[in-house]
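Have a look at the structure below, then the notes.
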Amino acid sequence: METVGGLLREWRHSRRLSQLDLALAAGISPRYVSLIETGRSRPSADMVLRLADQLDVPLRHRNRLLVTAGFAPRYRERPLDGPDMAAVREAVAGVLRAHEPYPALVVDRHWNLVLANTPVEHLLAHVGPELLAPPVNLVRLGLDPRGLAPLIVNRAEVRSFLRTRLARQVARTGDTVVGALYDEFFAGEEPDRPGSRVPSEEVAVSMVFRLPEGELRLFSTITTFGTPQDITLDEISVESYYPADADSAALLQNIADARQAPRP
C-alpha cells in the first residue's frame, strides 16, 4: 500500500539527501522525518507541502502526496487553451511573436509542441508529415531520420545534449513517458561518446543546420514560470533560439523578409 512516508522517502533518495539534510532544510528534527517516513507520524497538509518544496517535487506529484496523506489536492490542472487561461496563453504567444525573426516555441513535460512562432514553421517544412501529426514531439523531430536530423551538422553534440536533458528530467520527475522517450533513442548508449562534448570555445551547445538558404547556427535558452500554482504552467517551458553568429542572424532575417514579400 502506498504511503505518504514511503513516497517522501523515494523523493528524498532521488535527491540524494539524508534525513538530516531534509530536516535541516525544512526546519524540523531528523527524528520527525523518520517518523513520517516510517508511518508512525501523520504529517499535516502544510508539512507535506513544506517537505515537498524542499525536495523540489513537481506540482503533479505534490497533489499525489497530499491525496496519499488523506488531504485534498492543492493544485489545479487547466488546459492552456481553456477560457480561464486566456491571459496566460496570450502572454506566452506575445513572447513568441516578440522573438521573431528568431525561432521560439513552447513544449510540455513530454517534449510535445504546444505553441510555436512563424520561424519554427520554416524549419518544420523540412520534416516528414508523419512526424507532424499531433502530438508533435521535439525529441523525435531532432533525432528521427524523417525529421530534422539529416539537416543537423553536429548531430553527435545535439544527441549528447538531449540525452543529458532527458536523463535529468527523468531523475527529477520520475516521468515514465519521458523515460520511454529516453529509451527509444538512447537505451544502451554510453554516457560519453566521441564527438559528443561541447568544444571548449563554445559557451552553449549550438545546433548547426544546413538549410537550402545556408548554414544556420542556433543556441537556445529555456524559460519557465516562476512559482506556478497550476500544474499546466509548472510543466511547460518556452524554448527560445538565438543566432550564434552574425551570418545566422542575417539568414533568419532574410528568411523572414522572404515570407513577408508579396507573391506574384
Side-chain angles (χ1 to χ4, degrees), residues 1-89 91-92 106-112 114 135 137 139 164-183 222-239:
M1 178 180 175
E2 191 173 73
T3 66
V4 65
L7 291 176
L8 286 169
R9 182 171 55 249
E10 290 176 8
W11 282 106
R12 180 175 61 79
H13 286 168
S14 73
R15 299 300 185 253
R16 300 182 179 180
L17 296 176
S18 67
Q19 289 183 345
L20 177 59
D21 293 331
L22 178 57
L24 291 174
I28 57 179
S29 71
R31 174 172 170 75
Y32 187 39
V33 173
S34 177
L35 291 174
I36 292 174
E37 290 188 353
T38 57
R40 289 178 289 170
S41 180
R42 182 175 181 270
S44 66
D46 288 342
M47 179 55 65
V48 170
L49 291 177
R50 185 195 300 188
L51 294 172
D53 185 56
Q54 297 304 320
L55 293 169
D56 191 27
V57 177
L59 299 190
R60 179 179 300 278
H61 294 280
R62 296 189 193 195
N63 274 350
R64 180 182 174 190
L65 287 170
L66 287 168
V67 171
T68 305
F71 303 106
R74 183 72 59 91
Y75 304 98
R76 297 176 60 188
E77 183 176 9
R78 294 166 290 185
L80 192 60
D81 57 357
D84 52 353
M85 295 282 275
V88 173
R89 186 171 62 253
V92 173
V106 178
V107 294
D108 66 15
R109 66 190 174 115
H110 295 149
W111 291 71
N112 294 325
V114 178
N137 188 271
V139 175
T164 299
R165 280 191 60 181
L166 286 174
R168 288 175 179 171
Q169 186 178 349
V170 172
R172 177 181 178 269
T173 67
D175 194 301
T176 56
V177 175
V178 179
L181 193 61
Y182 180 94
D183 290 340
I222 304 169
T223 304
T224 58
F225 284 85
T227 61
Q229 296 298 302
D230 182 277
I231 292 175
T232 298
L233 296 186
D234 187 49
E235 295 180 342
I236 64 172
S237 60
V238 180
E239 304 257 352

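Position 1 is the first residue of the sequence, and the numbers go up from there.
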Do [X] and [Y] come close enough that some side-chain heavy atom pair is under 4.5 Å?
| X | Y | answer |
| --- | --- | --- |
| V92 | F225 | yes |
| W111 | L166 | yes |
| V4 | P43 | yes |
| P73 | L66 | no |

Please check if the side chain of [X] supplies one atom and the backbone of [Y] the other of a donor-acceptor pair under 3.5 Å.
| X | Y | result |
| --- | --- | --- |
| R12 | L55 | no |
| T176 | G179 | no |
| D230 | Y75 | no |

Quick check: closest heavy atoms across [X] and [Y], and the distance to 0.1 Å?
| X | Y | value |
| --- | --- | --- |
| Q169 | V178 | NE2-CG2, 3.4 Å |
| D108 | V114 | N-CG2, 3.8 Å |
| I28 | M47 | CG2-CE, 3.8 Å |
| A23 | P30 | CB-N, 3.5 Å |
| N63 | R74 | OD1-N, 2.9 Å |
| L7 | E2 | CD2-OE2, 3.6 Å |

Would you give the length of the straight line joining atom [atom1] of [X] to atom [atom2] of [Y], rounded to the nearest 0.5 angstrom?
| X | Y | atom1 | atom2 | answer |
| --- | --- | --- | --- | --- |
| I236 | I231 | CD1 | CD1 | 13.0 Å |
| T227 | L59 | OG1 | CG | 10.0 Å |
| Q19 | L35 | CD | CG | 9.0 Å |
| S18 | R16 | OG | CZ | 14.0 Å |
| R50 | L22 | CZ | CG | 10.5 Å |
| M85 | R76 | CE | CZ | 9.5 Å |

Residues [X], [Y]: salt bridge by 4.0 Å N-O rule:
| X | Y | answer |
| --- | --- | --- |
| R109 | E77 | no |
| R172 | D56 | yes |
| D175 | R60 | no |

- Message: Could you walk me through whether D234 and R62 satisfy the side chain to side chain contact (heavy atoms under 4.5 Å, CB included) test, starting with their C-alpha distance in whole Å, then the side-chain angles of each, then the deciding distance to 0.1 Å, before giving a yes or no?
- Response: CA-CA 12 Å; D234 187 49; R62 296 189 193 195; over 6 Å; no

- Task: Check the surroundings of atom CZ in R78: do more than 12 heavy atoms from other residues, nucleotides or ligands lie under 6.0 Å from it?
- Result: yes

- Message: Run L65 and L51 through side chain to side chain contact (heavy atoms under 4.5 Å, CB included) and show every step you take.
- Response: CA-CA 10 Å; L65 287 170; L51 294 172; over 6 Å; no

- Query: Is it the case that T38 and R40 place a side-chain donor and acceptor less than 3.5 Å from each other?
  - Reply: yes

